[in-house]
Amino acid sequence: MAEITQINDRYDPSSVEVKWYKWWEEKGYFKCEETSTKPPFCIILPPPNITGQLHMGHALDHTIQDVLIRYKRMMGFNTLWLPGSDHAGIATQSVVEKQLKKEGLTRQELGRESFVKRTWEWKEQYGNQIIEQMKRLGDSCDWERHTFTLDDGVSKAVRKVFVNLYKKGSIYRGNRLINWSPALGSAISDLEVEHKNTKGQLWHIKYPLADGSGEVVVATTRPETMLGDTAVCVHPDDDRYKSFIGKFIELPLVGRKIKIIADEYVDKSFGSGVVKITPAHDFNDYEIGKRHDLESINLLTRDGKLNENAGEAYEGLTVKQAREQVVKDLEALELLVKTEPHEHSVGHCGRSGCVVEPFLSEQWFVNTKEISIPAKRVVESGTTVFEPEKWIKTYLHWMNNIQDWCISRQLWWGHQIPAWYCQDCEFITVSEKDPVECEECKSENLKQEDDVLDTWFSSALWPFSTLGWPEETESLKTFYPTSVLVTGQDIIFFWVARMMMLGLEFVGDVPFRTVYIHGLVRDAQGRKLSKSLNNAVDPVELIDQYGADALRFTLMSQIGSGRDIKFSMQRLEGNRNFMNKIWNAARFTLSNLEGYEVPAGGTEAIANKSDLSYADQWVIQKCGECEKKIEEALSQNRFTDAANAIYSFAWHEFCDWYLEFSKPILYGENLNEKQATRTVMLQTLNRLLRMLHPFAPFITEELYQKLPLKGEAIIVDSYPTVKEDKSWLESGSAEVAFDLDLVREVITAVRNIRGENRIKPGIKLKAILDPKDDKSQKILGENKTYIVSIAGLGECEVSKPESLSQCAVTTVRFGDVEVDVVIPLSGIVDINDEVKRIQKSVEKLEKEQSQLSSRLSNEKFLSKAPEDVVELGRKQLEDYKIRIASMREALQRLKS
RNA sequence: UGGCUCGUGGCUCAGUUGGUUAGAGCACCACAUUGACAUUGUGGGGGUCGCCGGUUCGAAUCCGGCCGAGCCAACCA
C-alpha cells in the first residue's frame with residue numbers, strides 16, 4: 001500500500017477525467033448488446049445541433065440521462081444511450097452563409113450543389129465540437145451508433161414517411177397564409193413564431209365612401225397593409241354602421257373600390273369598430289376573406305419588400321419604409337384622424353429575430369387532425385407517462401388545438417422534399433426513389449421540389465429511424481419503445497408531440513414509456529442564461545475549473561421538483577468540496593491499510609463477526625438505510641433525494657462519525673478488531689463509491705481502481721442494493737445503530753456544553769453520565785471509550801452524581817431512553833454563561849409546556865382527538881414538568 | 001384573456017394521507033490547525049410557513065378570496 005500515501009490531499013479532476021473516459025470508451029463499456037437476456041433500457045438523446053456548443057441546458061439534460069443510463073447499466077440492464085446530431089437546417093445554413101459573406105459571396109452565387117457541398121465540409125470540420133464537450137461531461141453514449149439526421153438510413157426513413165403520408169392524404173401542398181421570415185427567406189411553422197409585446201401605434205384613417213356620401217374611420221396598427229385591403233368590415237349588429245353594409249369604399253392611395261361587409265369577428269368596442277381587411281397579410285383577415293370570398297392581394301416579396309401590387313409609389317420599399325410613406329401620404333390627404341400609442345403583440349422569428357410576416361404562398365403541410373388522435377389517447381390512458389404529470393395537460397391542450405404543420409422550408413440544407421413536378425402535365429410525382437418519369441404522363445421532364453423539410457420533421461422520426469426503421473432490425477425489436485425521453489419543456493410541442501404522432505403512425509407503438517420533463521437552468525437570480533445578459537456560464541469552463549463530477553452533482557442535487565433551477569457558483573463550490581471530502585475519506589481509508597491482508601473470501605467475508613466494532617455494525621446499518629433511500633428515490637426518478645441521501649451518508653455518517661469512531665481501533669493494538677474495521681471501512685467505501693458513481697463517474701472510478709479488492713471497473717460493477725447486499729447488511733445491526741446514535745447524542749450534548757460555555761477543546765472535562773433506565777445504563781457502559789475519545793473528555797463515569805452543584809446538566813432523550821449529561825464546571829468557566837444557557841432552555845420548555853397544557857385542558861380536544869394523540873400529550877406534559885423542575889434545580893445549584 | 005406553477009429563516013429548497021419542539025445545504029457568528037480533508041472540524045444565532053377568512057379539538061399542510069412572482073398559450077384590427 002506504499003503508493004497510497006502518495007495520493008495528493010486535493011482531488012484534481014483534470015488529471016483524472018480524460019484518462020478514465022478514454023479507457024471506458026476503449027473497453028467498450030458504453031456499448032449495448034443488440035439482443036440480450038438482460039432487460040433493455042434505452043434512451044434516445046435529443047440530438048444537439050451541429051452548430052451547437054454545450055450549454056448549461058445540455059449539461060442538465062445530459063446529466064439526467066447519464067445518471068439513468070449508468071444506474072441502469074449497473075443494475076444489470078442492457079442499456080443503450082443512442083446519441084446523434086441534428087443538421088439544424090436554418091442554423092447551419094446561416095453559419096455557412098455568414099462564412100461566405102466574408103468571402104463576398106452569397107449562396108445564390110455559389111449555387112445549390114456547391115453550397116450544400118460546402119455545408120457538408122463545414123459539418124465535417126466543426127460539427128463534432130459538441131460531442132467532444134459531451135465527453136467531458138461524462139456522457140456514456142454508445143458512440144458507434146451515433147446518427148446524423150442526414151445519414152442515409154435516416155434520409156430513407158424520412159422519404160418513406162413523407163411518401164406514405166402523402167399517399168394517404170395526410171401531407172398536402174397548398175397555397176395558404178403562413179408565417180414568413182423575411183430574414184431567412186423561408187416559411188416557418190407556427191411554433192417557431194415568438195410573440196412579443198411591442199409598443200406600437202394605432203392609426204385611425206378615414207376611408208371615404210365611393211359614392212361620396214360619407215366616410216368611415218378604420219383603426220389599424222399596420223397602415224401599410226391598406227394597400228392590400230379588399231374589404232372593410234363592421235359588426236352586423238353595430239347600429240352606427242348598419243346602413244353602410246354593402247356599400248363601397250374608395251380605398252385611399254389605391255383607388256380600388258372595396259365592399260363594406262359585416263362579420264361577427266369585429267369587436268364593436270375596439271378602435272372605431274371598423275376593421276380594414278387584408279386577407280394576404282393577417283391571419284384573422286385571411287379567415288374573414290375565406291368566409292366572404294374576398295380577393296387576397298399579396299403585397300410582399302420574399303425578402304420582405306413591397307412588390308408591384310403595392311403600386312409604383314411603394315414598390316421596393318421595406319415594410320417599415322412603406323409604413324412611414326403611407327402615413328405621410330395619408331396625412332397629406334388629410335385622411336389621418338389621429339394616432340394613439342398602442343401595445344400589441346408582434347410575431348418574431350424564433351431563429352433570426354426578425355418580424356414575421358403573414359405571407360401567402362405555396363407550401364407543404366401535414367394534416368395533423370387524424371394522426372393526433374392516437375397520440376392523445378396514449379397519454380390519456382397512461383401508456384406514456386409524463387413526469388411531472390402536470391405536463392399532460394399542456395400536451396393535451398395543444399393536441400386538442402393542433403393546427404396543420406407547415407413542413408416546407410425555402411432552404412438548401414436539409415432533406416429535399418421527394419416530390420417531382422412534371423414540366424409537361426403538372427402532375428406531382430412523390431416517390432421514395434428518385435423517379436425517372438412522371439407517374440401520370442410518363443414524361444421524363446421532371447423537376448424536384450426545391451424546398452427542404454423542416455428539421456423537426458426528421459427529428460419526429462428519431463426514436464425509430466435511429467434504430468434502423470424501416471428495416472425490421474434487432475435493435476428496433478429490442479429497444480422500441482424506448483424507456484424514457486428526457487427533455488426540456490420548451491420542446492414538448494416541437495418534438496415530443498410529433499414523435500408521438502409519427503411513432504404511433506409508423507411503428508404502431510409509443511416511442512417512449514416515460515417523458516421526463518425538466519426545467520431550465522437559470523442564473524442565481526433566476527434570470528434566463530443568455531449572451532445578452534452576459535450571465536451565460538460555459539459548462540466546459542466549469543468542468544475545467546471544478547470538475548465534471550462537481551457540476552453533475554450540483555445539477556442533480558437541485559432538480560428536485562422539475563422546476564427551473566437556479567444555478568449558483570456557491571453550490572458548485574460546495575459540491576467540489578464534497579468530491580474532495582470523498583477523496584480524502586478514501587485517502588484516509590487507504591492509508592490505514594498497512595499490513596492489511598484481503599481476507600480469503602474477499603472483503604465480503606468477515607472472519608469473525610464478534611470482531612466487529614459497534615461502529616462497524618452501525619455504519620453497515622446506515623449504509624443499508626442509504627441504499628434503501630436511493631432505491632426508493634431512483635425508482636421514482638427523484639434524483640435530488642438520491643443525491644442528498646448519498647451526500648449525507650458519505651459526509652455526515654461515514655466521515656463525521658464512522659471514521660472518527662474507528663480511529664482508536666485503527667491506531668490501537670487489537671489486530672482482530674483492526675482487521676475487521678479495515679474490512680468494513682473498505683466495504684463501505686466501495687459501496688459508497690458505487691452508489692455515487694452515476695452522479696460522479698470520474699472520481700469514483702479513480703478511487704475504485706485504487707481499492708485493494710475491486711471488480712474490473714466501477715462503471716460495470718453492480719449497483720449496491722439492499723437485496724444484493726443482503727448477507728453483508730446482516731453484519732449490521734439496528735440495535736447497535738440505536739445504541740450508537742444515543743452515544744452520538746451524548747457526545748453532541750458534551751460538545752454543546754463545551755461550545756456554549758466557550759470551553760477550549762484542550763481542556764479535558766470530566767463528564768458524569770446519569771442513565772435513567774437500565775437500557776441506557778448498559779449502552780453507556782459499553783460505549784464509554786467512544787465518548788471519552790470523541791468528546792475529548794479527561795474522565796467519564798456512568799453513575800449518579802453526588803452533587804449537581806456548579807454543574808452543567810443536559811438531558812438527552814433518544815427513543816425510549818434518557819440520560820443526564822452532567823459536567824462539573826467549577827473553576828473552569830464563568831458560571832454566568834451556563835446560567836444563561838439553562839435559563840434559555842427553561843424558557844423554551846415553559847413556552848411549550850403552556851401551549852401543551854392549554855391544549856390538554858380543552859375539552860373538545862380531549863373528546864375528539866384520537867386516544868393516542870391525547871395520551872402522548874399527557875405523557876409529554878409530565879415530561880416537560882419533570883425536565884423544567886430539574887433544570888430549575890440545576891440553576892439553583894449552579895448559583896449556590 | 002385563459003391555463004399552469006410557485007410564495008416556508010439572508011439565499012436555495014425538503015416537509016408524504018392535517019397530529020410531539022417546522023428540517024437540510026449554503027451564507028453568517030464564535031471557537032479550534034502538528035497525524036484524511038481549512039475545499040476542514042465543533043458549537044451557535046436566525047422562521048407568527050405571502051395576506052385574510054373558513055373547515056377542524058388541532059392547519060405550513062384541506063377549502064374560498066386577495067396580493068405578489070414566473071411560465072405557457074391565445075389575442076382587438
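Below, chain A is the first sequence line, B the second, and so on; all start at residue 1.
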For a quick check, with a 4.0 angstrom heavy-atom cut-off, what is the B/S/- contact string for nucleotides 54-62 of chain B, read 5' to 3'? ---B-----
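Not less than 6.0 angstrom separates the ring centroid of A:His235 from the ring centroid of A:Phe270.
Atom-to-atom, CZ of A:Arg638 to C1' of B:U16 comes out at 8 Å; the value is rounded to the nearest Å. Summarising the geometry, the separation between CG on A:Asn577 and P on B:A38 is reported as 11 Å, rounded to the nearest angstrom. Atom CZ in A:Arg758 sits roughly 8 Å away from atom P in B:C31 (whole-Å rounding). A straight line from NZ of A:Lys629 to C1' of B:A24 spans 12 Å, rounded to a whole angstrom. Here B:C72 presents its C1' atom at 12 Å from CG of A:Leu520, a figure rounded to the nearest Å. Between A:Lys844 atom NZ and B:G47 atom C1' the separation is 13 Å, expressed in whole Å. If you take CD1 of A:Ile763 and C1' of B:C31, they are 12 Å apart, rounded to a whole angstrom. One atom, CG of A:Asp523, and another, P of B:G70, lie 14 Å apart when rounded to the nearest Å.
Using a 4.5 Å heavy-atom threshold, the side chains of A:Val355 and A:His348 count as touching. Inter-residue side-chain proximity for A:Lys628 and A:Glu632 is flagged as met; some heavy-atom pair is nearer than 4.5 Å. When side chains are defined from C-beta on, A:Val266 does not count as touching A:Asp238, because their heavy atoms never get closer than 4.5 Å. The shortest side-chain heavy-atom distance between A:Thr640 and A:Asn644 falls under the 4.5 Å cut-off. A:Trp657 places none of its side-chain heavy atoms less than 4.5 Å from the side chain of A:Tyr786.
Panel note: side chain A:Asp549, backbone A:Phe698; a donor-acceptor pair is recorded below 3.5 Å. Remark: side-chain polar atoms of A:Arg563 are not paired, donor with acceptor, to backbone N or O of A:Gly519 under 3.5 angstrom. A:Thr339 places no side-chain N or O within 3.5 Å of a backbone atom of A:Leu202 that could act as its donor or acceptor partner.
Nucleic acid contact for A:Asn752: sugar-phosphate only, since backbone atoms but no base atoms lie under 4.0 Å from a heavy atom of the residue. Looking at heavy-atom distances under 4.0 Å, A:His281 makes no contact with the nucleic acid at all. At a threshold of 4.0 angstrom between heavy atoms, the contacts of A:Arg527 with the nucleic acid are absent. If you check every strand for non-hydrogen atoms under 4.0 Å, A:Lys760 touches sugar and phosphate atoms only. Among the atoms of the strands shown, only primed sugar atoms or phosphate atoms (P, OP1, OP2) are found under 4.0 Å from some heavy atom of A:Arg751.
A cation-pi contact, defined as under 6.0 Å to the ring centre and within 45° of the axis, is absent between A:Lys581 and A:Phe654.
Spacing between B:A59 and B:C66 at atom P, rounded to whole Å, works out to 23 Å. Here, B:C37 and B:U42 have their C1' atoms 15 Å apart, quoted to the whole Å. Between B:C67 and B:A77, the two P atoms lie 26 Å apart (nearest whole Å). Of the P atoms belonging to B:A22 and B:A27, the separation is 25 Å, rounded to the nearest Å. Nucleotides B:G9 and B:G15 have their P atoms positioned 16 Å apart, rounded to a whole Å.
Both key distances under 3.5 Å define a Watson-Crick or G-U pair, and stretches of 3 or more such consecutive pairs in RNA chain B run B:1-7 with B:67-73, B:10-13 with B:23-26, B:28-32 with B:40-44, B:50-54 with B:62-66.
Of the two residues near RNA chain B, A:Phe578 and A:Lys393, the one whose nearest nucleotide lies more 5' is A:Lys393.
Salt bridge A:Arg222/A:Glu357: present, at least one basic N to carboxylate O contact under 4.0 Å. Taking a cutoff of 4.0 Å between a charged side-chain nitrogen and a carboxylate oxygen, A:Lys875 and A:Asp879 do not qualify as a salt bridge.
Here A:His652 reaches the OP1 or OP2 of B:G25: one of its side-chain N or O atoms lies under 4.0 Å away. Within the 4.0 Å cut-off from OP1 or OP2 of B:G44, not a single side-chain nitrogen or oxygen of A:Lys840 is found.
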Please determine whether ring pair (Phe, Tyr, Trp, His ring centres under 6.0 Å) holds for the pair A:Phe386 and A:Trp391, giving the CA-CA distance in whole Å, both sets of side-chain angles, and the decisive distance to 0.1 Å. CA-CA 6 Å; A:Phe386 279 67; A:Trp391 295 109; 8.6 Å; no
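In this structure, a donor-acceptor pair under 3.5 Å is absent between the side chains of A:Glu745 and A:Thr748. At a cut-off of 3.5 Å, with distance as the only test, a side-chain donor of A:Glu387 or A:Asn637 sits close to an acceptor on the other residue. A donor and an acceptor atom, one from each side chain of A:Arg587 and A:Asn584, are located under 3.5 Å apart.
The A:Gln876 side chain lies nearest to B:U20 when the options are B:U42, B:C31, B:U20.
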Table of protein N/O atoms under 3.5 Å from nucleotides 35-37 of chain B N/O atoms:
| from | atom 1 | to | atom 2 | distance (Å) |
| --- | --- | --- | --- | --- |
| B:A36 | OP1 | A:Lys663 | NZ | 3.3 |
| B:A36 | OP2 | A:Tyr667 | OH | 2.9 |
| B:A36 | O3' | A:Arg587 | NH2 | 3.0 |
| B:A36 | O2' | A:Asn584 | OD1 | 2.4 |
| B:A36 | O2' | A:Arg587 | NE | 3.1 |
| B:A36 | O2' | A:Arg587 | NH2 | 2.6 |
| B:A36 | N6 | A:Glu660 | OE2 | 3.3 |
| B:A36 | N3 | A:Asn584 | O | 3.0 |
| B:A36 | N3 | A:Ala585 | N | 3.4 |
| B:C37 | O4' | A:Asn584 | OD1 | 2.9 |
| B:C37 | O4' | A:Asn584 | ND2 | 3.3 |
| B:C37 | O2' | A:Asn580 | ND2 | 3.3 |
| B:C37 | O2 | A:Lys581 | NZ | 3.0 |
| B:C37 | N3 | A:Lys581 | NZ | 2.8 |

Between the protein and nucleotides 73-75 of chain B, list every N/O to N/O distance that falls short of 3.5 Å.
| from | atom 1 | to | atom 2 | distance (Å) |
| --- | --- | --- | --- | --- |
| B:C75 | N4 | A:Ser345 | OG | 2.4 |

Give each protein N/O atom lying under 3.5 Å from an N/O atom of nucleotides 6-13 of chain B, with the pair distance.
| from | atom 1 | to | atom 2 | distance (Å) |
| --- | --- | --- | --- | --- |
| B:U12 | OP1 | A:Lys566 | NZ | 3.0 |
| B:U12 | O2' | A:Gln558 | NE2 | 3.4 |
| B:U12 | O2' | A:Arg571 | NH2 | 3.1 |
| B:U12 | O2 | A:Arg571 | NH2 | 3.0 |

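Residue A:Leu856 comes nearest to A:Val870 through the heavy atom pair CD2-O, 4.0 Å, listed as atom of the first residue, atom of the second, then distance.
For the salt bridge (Lys or Arg N to Asp or Glu O under 4.0 Å) condition, the pairs that include at least one residue of residues 271-289 of chain A, sequence neighbours left out, are A:Asp229-A:Lys276, A:Glu287-A:Lys290.
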